[in-house]
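Sequential numbering from 1 along the given sequence is applied to the chain's residues.
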Amino acid sequence: MKLGEMKLKRRYTVPQVIVDIASLGALVYICFIVYTCYLDVNSLNMNNYTGADLSSIDWKPLILWIILGVIVCVISVILIFRRKKLPKKLCINENNGAKYCNVIDTSVSCIRLIILLALSEGCYLHMAGIFMRAPVFSVQLLCDVCFILAILWFTKMRLEALSEAELQRKEAEKKTVIIQD
């Protein structure tokens, strides 16, 4: 892992493992929703259910949700493993560079999880709309946006605290050098 010109050792933390497993579960859930819709449409067609117009029920647009989920996963992995820019406003160096990268990587993983959960909710609403033929809305999607904003805010606060701690450490080192001279 690189931060600016510094090479740092990547530390895969326990929260990242938990969030990655949950993200994989959310992606599997999206696939499960699409598969369930496929089975339901086929069972209606096989039973020759005449109470509804089955020609308009198509499960294939739901595949778009799987594709979006995979794209979100790929983008997040690229963001985690790419070279990170050294921030100009924060005091980041070799001492706290790994912590800085871990905070950013964990935030990207958490945002990926929230987006995948929002996609699974959207996929489920799309499936419900296919069978009920009515637009459906969920407050959960608005809550997901609020969660993403909260994660970004907490990440910013954590990075600022990390920078302040490094500045305090540097000031303490200067004081000890002055006293020793």
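A continuous path of hydrophobic side-chain contacts links Leu152 to Ile80 [ILVMFWY only; heavy atoms under 4.5 Å]. The hydrophobic clustering, which links ILVMFWY residues whose side-chain heavy atoms are closer than 4.5 Å, places Leu62 and Leu117 apart. In this structure, Ile104 is not a member of the same hydrophobic cluster as Phe154, with clusters built from ILVMFWY side-chain heavy atoms closer than 4.5 Å. When hydrophobic clusters are built by joining Ile, Leu, Val, Met, Phe, Trp and Tyr residues whose side-chain heavy atoms come closer than 4.5 Å, directly or via intermediates, Trp65 is grouped together with Tyr38. Following chains of ILVMFWY side-chain contacts shorter than 4.5 Å, one can reach Phe147 starting from Val72, so the two form part of one hydrophobic cluster.
Pairing each heavy atom of Ser107 with each of Ile151, the nearest pair is O-CG2, 4.1 Å. Between Ala26 and Leu116, the closest heavy-atom pair is CB-CB, 3.8 Å. The two atoms that bring Leu27 and Val70 nearest to each other are CD1-N, 4.0 Å, heavy atoms only. Closest approach of Tyr29 and Ser120 over heavy atoms only: CD2-CB, 3.5 Å.
With hydrogens and angles disregarded, no donor-acceptor distance shorter than 3.5 Å links the side chain of Thr106 to the backbone of Val103.
Note that the CZ atom of Phe32 and the OH atom of Tyr124 stand 10.5 Å from one another [nearest 0.5 Å]. For the atom pair CG (Leu119) and CG (Leu141), the distance works out to 9.5 Å, reported to the nearest 0.5 Å. Residue Leu24 holds its CG atom at 9.5 Å from CZ of Arg112, rounded to the nearest 0.5 Å. Note: Ile63 CD1 to Cys31 SG = 10.0 Å, rounded to the nearest 0.5 Å. Here the straight-line distance linking atom CD1 of Ile111 with atom CD1 of Ile75 works out to 13.0 Å at 0.5 Å rounding. Considering SG of Cys110 and CG of Asp105, their distance stands at 11.0 Å, rounded to 0.5 Å.
The only option from Leu68, Ile66, Ile67 that meets the side-chain contact (heavy atoms from CB on, under 4.5 Å) definition with Ile30 turns out to be Ile66.
Between Tyr35 and Leu39, some side-chain heavy-atom pair lies under the 4.5 Å cut-off.
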I'd like to know whether His126 forms a side chain to side chain contact (heavy atoms under 4.5 Å, CB included) with Cys123, so could you lay out the CA-CA distance, the side-chain angles of the two residues, the decisive distance to 0.1 Å, and finally the verdict. CA-CA 5 Å; His126 188 183; Cys123 182; 5.5 Å; no
